[in-house]
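This report refers to the structure that appears directly beneath it.
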Amino acid sequence: MAEDNVSIPEFSCLLRMDPYLKPYEKDFKRRYELLQKKLFQLEEAEGGFDQFTRSYKTFGVQRQPDNSLFFKEWAPAAEALFLTGDFNGWDKFSHPYTKKDFGKWELILAPKHDKSPAVDHNTKLKVVVHTKEGERLYRISPWAKYVTKEEKSVIYDWVHWDPPQPYTQIHPRPKKPKSLRTYEAHVGIASPEGKVASYANFTTNVLPRIKDLGYNCIQLMAIMEHAYYASFGYQITSFFAASSRYGTPDELKQLIDTAHSMGIVVLLDVVHSHASKNTEDGLNKFDGSDSCFFHSPPRGEHSMWDSRLFNYSSWEVLRFLLSNLRWWMEEYGFDGFRFDGVTSMLYHHHGIGFGFSGDYSEYFGLHVDEDSLVYLMLANHVVHTLYPDCITIAEDVSGMPALCRAVEEGGLGFDYRLAMAIPDKWIQILKELKDEDWDIGNIVHTLTNRRYGEKCIAYAESHDQALVGDKSLAFWLMDKEMYTNMSSLEPMTAIIDRGIQLHKMIRLLTHGLGGEAYLNFIGNEFGHPEWLDFPRVGNNQSYHYARRQVNLVDMDHLRYGQLYAFDRDMNRTEDKYGWLAASPAFISAKHEEDKVIVFDRANVVFIFNFHPSKSFQDYRVAVEVPGKYKIKLDSDEILYGGHGRLDHNTEFFTEAQSFNGRSNSMRVYIPCRTAIVLANEEIDYCY
């Protein structure tokens with residue numbers, strides 16, 4: 001296929017969105033050509049991607065209809081492969097694999113005399129790899145579906161998982177939400193107790209809270225098995241295994257099934273950008289070579305993460321990773337993925353020591369890793385073709401153009417990108433500026449500075465901001481006073497008052513203005529104190545900071561419940577009016593001296609007064625649609641830890657007086673440090 005002959009079916013659509021991409025048409029064509037070539041090769045060699053991405057049904061271990069077991073691995077550099085385990089008394093030589101073409105190895109185990117499988121459910125296995133150098137290595141199958149660790153042990157064990165009565169999910173996937181309100185969660189920390197919490201705990205105690213809070217999507221971190229708990233789930237050792245530290249695969253299936261019954265979609269935080277360097281219980285040096293699934297060093301090593309980097313041009317790596325996505329969708333019923341570390345994948349420099357200015361030349365040329373870029377296009381094409389409602393999110397800090405445009409337009413095919421500049425901006429403001437010095441124009445610019453037509457997930461803070469070395473927004477705002485002054489039985493101190501009001505306002509402004517979806521990290525909705533730190537040598541293996549104290553919300557005498565109630569009602573108000581699904585906001589006021597921001601979106605009017613002390617009577621506010629407006633959400637309500645200065649029975653009538661670029665206007669009282677959402681009583685808000 002010559003480059004000039006390739007046409008991207010809907011490239012003109014992308015150019016209409018952004019004509020400045022025209023000079024890079026050749027780059028887009030080359031990328032699209034590489035994708036088409038891969039799809040063509042898959043058709044020729046494997047009968048299409050549908051079959052290819054089901055390779056988890058042929059690799060690893062498979063029970064056949066007659067209860068014989070079929071084992072298959074890819075270990076191109078190995079001299080010989082053997083299977084050992086509980087089933088053969090750990091004999092290292094009795095069960096050799098047979099060498100096949102293209103580095104494949106196969107073994108069939110006949111059933112026992114009683115016709116049951118030769119390897120019992122829940123018993124241990126290992127692959128013994130003999131290298132050309134004469135070494136004998138003990139390995140876990142890269143396709144292992146369950147691995148566990150004995151309490152005193154360091155290394156994980158491959159455990160054969162084939163339960164007699166596996167859990168069957170009964171609830172259908174919910175429809176893809178128009179407005180995505182995402183609750184980012186980590187199963188292990190989702191309890192106030194100082195231990196690793198379980199899937200069962202999450203299902204019973206956390207899911208009902210998420211539902212109550214009005215989130216319609218859960219993004220689960222640290223599910224793919226990782227030997228090192230403190231890696232937060234980002235140093236993967238077994239890609240097909242759900243982490244056993246929280247429970248069994250069936251308990252995770254039940255968690256997802258229960259979420260589906262509540263109308264909540266569940267996304268997996270998938271790590272295909274790198275892999276753990278572990279050899280005995282990881283992918284590294286599986287066949288004894290320093291390549292196999294990865295590039296040889298130095299290209300195959302990430303200097304900052306101390307991890308291995310995949311060779312995305314390898315046929316078997318594509319099989320492994322694409323089948324991995326399919327496995328989590330099919331086997332567990334996940335509804336999509338947040339792809340971690342996309343910036344590292346897109347560029348040979350991995351974003352290390354490179355500051356992106358937004359100049360288009362930074363996104364094209366030899367520093368772009370087109371192998372991994374085409375892998376991402378292929379992954380999105382595959383999952384969206386097989387599962388039209390699948391949601392994919394990119395964690396990219398670089399601002400790669402067309403990241404969230406369809407593959408048919410020459411884009412990478414993601415549904416959403418994370419608006420990573422927003423949390424950084426909030427932390428910077430709280431660290432560096434006095435309230436009276438807040439730059440209102442700059443805040444609005446940060447919240448609205450996104451590529452037109454590419455959906456963003458806005459968030460005030462995620463797990464990144466909660467990690468040790470940083471602090472949650474609540475802790476930046478209120479710090480040590482959170483330990484002593486959060487009682488609702490006493491008047492608020494000045495610090496607690498400021499913290500509670502700004503915590504709500506920052507969230508609502510981010511929710512209303514910052515994107516086409518919203519994200520919150522578990523516990524931050526109610527102003528979780530402190531930071532997050534996993535048990536490790538440096539803290540004497542303590543779980544004190546590796547938990548979420550949800551019990552604080554249930555203590556009526558503390559103010560955490562007030563922040564929780566505001567977060568809940570903010571989401572419920574969005575659910576009613578649908579501003580996330582609407583086109584971007586029209587900003588009618590960003591007043592530096594008054595510290596006031598006014599915008600309308602989805603025919604809902606948002607008003608923010610960030611002034612620390614000045615309230616405004618009869619403040620003129622611009623609106624487009626005439627009629628009668630009423631307050632639908634008010635951060636100053638007593639219920640939310642506010643001062644109750646607004647009368648919710650007040651009706652605001654518009655005047656036919658154009659103002660700040662809108663056809664009509666009305667006069668409103670806005671107390672200091674207050675945010676208000678007004679809706680028109682004469683409009684039908686079905687969206």
Side-chain angles (χ1 to χ4, degrees), residues 51-63 69-75 83 85 104-105 119 121-122 124-127 139-149 155-163 166-167 169 187 199 220-227 233-253 255-256 266-276 278-284 286-287 292-294 308 310 314 316-334 336-337 339-340 379 382-383 386:
Q51 212 42 47
F52 187 63
T53 57
R54 289 181 200 266
S55 293
Y56 56 83
K57 292 192 169 186
T58 49
F59 280 75
V61 53
Q62 311 294 333
R63 180 158 52 84
L69 295 173
F70 175 70
F71 292 81
K72 184 173 183 177
E73 299 298 346
W74 175 62
L83 185 72
K104 311 278 177 31
W105 299 82
V119 180
H121 167 59
N122 229 354
K124 291 177 188 174
L125 292 166
K126 266 210 186 329
V127 178
R139 296 288 185 255
I140 289 177
S141 167
W143 302 80
K145 297 172 175 69
Y146 189 55
V147 296
T148 62
K149 184 167 78 77
I155 304 294
Y156 271 74
D157 294 305
W158 174 20
V159 175
H160 181 53
W161 186 259
D162 187 14
Y167 182 84
Q169 293 173 318
V187 170
Y199 295 125
L220 279 184
M221 309 174 62
I223 294 296
M224 299 165 77
E225 190 59 273
H226 47 294
Y234 290 120
Q235 295 266 350
I236 307 299
T237 41
S238 288
F239 282 71
F240 286 81
S243 182
S244 61
R245 54 170 63 83
Y246 321 125
T248 66
D250 282 9
E251 286 164 334
L252 174 57
K253 288 176 189 177
L255 185 163
I256 294 168
V266 187
L267 309 182
L268 175 74
D269 197 340
V270 76
V271 188
H272 281 184
S273 46
H274 64 129
S276 165
N278 288 21
T279 51
E280 282 191 61
D281 55 8
L283 277 187
N284 192 18
F286 172 66
D287 64 355
C292 197
F293 287 93
F294 310 107
R308 297 301 315 263
F310 287 105
S314 157
E316 293 305 320
V317 170
L318 288 182
R319 181 195 305 281
F320 183 77
L321 294 176
L322 291 173
S323 296
N324 190 234
L325 297 175
R326 187 88 188 261
W327 162 257
W328 292 108
M329 296 288 288
E330 287 283 333
E331 184 70 12
Y332 285 95
F334 279 98
F337 305 96
F339 280 76
D340 181 68
V382 166
V383 295
L386 294 169

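Between the side chain of Ser276 and the backbone N or O of Gly282, no donor-acceptor pair lies under 3.5 Å. In this structure, Trp158 contributes its side chain and Ser141 its backbone to no donor-acceptor pair below 3.5 Å. A donor-acceptor pair under 3.5 Å links the side-chain atoms of Asp250 to the main chain of Tyr167, judged by distance alone.
You'll find the side chain of Leu252 reaches within 4.5 Å of the side chain of Ile256, heavy atoms only. Side-chain contact check for Tyr156 versus Ser238: every heavy-atom pair is 4.5 Å or farther apart. Looking at heavy atoms from C-beta onward, Thr53 lies in side-chain contact with Leu386 at the 4.5 angstrom threshold. Contact annotation: the side chain of Pro166 never approaches that of Trp161 to less than 4.5 Å [non-hydrogen atoms, C-beta and beyond]. Contact of the His272 side chain with the Leu325 side chain is registered, since non-hydrogen atoms from C-beta on lie closer than 4.5 Å.
Considering only residues two or more places apart in sequence or on other chains, Ile236 meets the side-chain contact (heavy atoms from CB on, under 4.5 Å) condition with Met224, Phe239, Val271. In terms of the side-chain hydrogen bond (donor to acceptor under 3.5 Å, both in side chains) criterion, Tyr199 has no residue partners (sequence neighbours excluded). Residues that satisfy the salt bridge (Lys or Arg N to Asp or Glu O under 4.0 Å) test with Glu73, not counting sequence neighbours, are absent from this structure. When the salt bridge (Lys or Arg N to Asp or Glu O under 4.0 Å) test is applied to Glu316, the partners found at least two apart in sequence or on another chain are Lys104, Arg319. Shown here are the salt bridge (Lys or Arg N to Asp or Glu O under 4.0 Å) partners of Arg326, two or more places apart in sequence or in another chain: Asp50, Glu330. Partners of Asp269 by side-chain hydrogen bond (donor to acceptor under 3.5 Å, both in side chains), not counting sequence neighbours, listed by chain and number: Tyr234, Arg338. Residues forming a side-chain hydrogen bond (donor to acceptor under 3.5 Å, both in side chains) with Arg308 (at least two apart in sequence, or on another chain): Asn284. Taking Ala222 as the reference, His186, His226, Tyr246 meet the side-chain contact (heavy atoms from CB on, under 4.5 Å) condition, with sequence neighbours excluded. With sequence neighbours left out, the side-chain hydrogen bond (donor to acceptor under 3.5 Å, both in side chains) criterion links Ser244 to Glu225. Considering only residues two or more places apart in sequence or on other chains, Asp281 meets the salt bridge (Lys or Arg N to Asp or Glu O under 4.0 Å) condition with none of them.
No option in Tyr56, Phe52, Phe293, Phe59 other than Phe293 meets the ring pair (Phe, Tyr, Trp, His ring centres under 6.0 Å) test with Phe320.
The minimum heavy-atom distance linking Ala379 with Phe339 is given by the pair CB-CZ, 4.4 Å. The minimum heavy-atom distance linking Leu125 with His160 is given by the pair CD1-CB, 4.0 Å.
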In residues 142-149, what donor-acceptor pairs under 3.5 Å come from side-chain atoms, sequence neighbours left out?
from: Lys149; atom 1: NZ; to: Ser153; atom 2: O; distance (Å): 3.3

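Ring geometry for Tyr332 against Phe334 counts as tilted: the plane angle lies between 30° and 60°, on a 0 to 90° scale.
Annotation: the span from Thr58 atom OG1 to Lys72 atom NZ amounts to 5.0 Å, rounded to 0.5 Å. One finds the CH2 atom of Trp328 at 13.5 Å from the OG atom of Ser323 (value rounded to the nearest 0.5 Å). One distance of note links CD of Gln62 with CZ of Phe71; it measures 9.5 Å at 0.5 Å rounding.
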task: Begin with the C-alpha distance, continue with both residues' side-chain angles, and end with the deciding distance and a verdict on side-chain contact (heavy atoms from CB on, under 4.5 Å) for Trp74 and Ser314.
output: CA-CA 12 Å; Trp74 175 62; Ser314 157; 4.1 Å; yes
- request: Check the pair Lys126 / Arg139 against side-chain contact (heavy atoms from CB on, under 4.5 Å), numbers first and verdict last.
  value: CA-CA 6 Å; Lys126 266 210 186 329; Arg139 296 288 185 255; over 6 Å; no
message: Show, in sequence, the C-alpha distance, side-chain angles and deciding distance for Leu83 and Val61, and conclude whether the side-chain contact (heavy atoms from CB on, under 4.5 Å) test is met.
response: CA-CA 11 Å; Leu83 185 72; Val61 53; over 6 Å; no
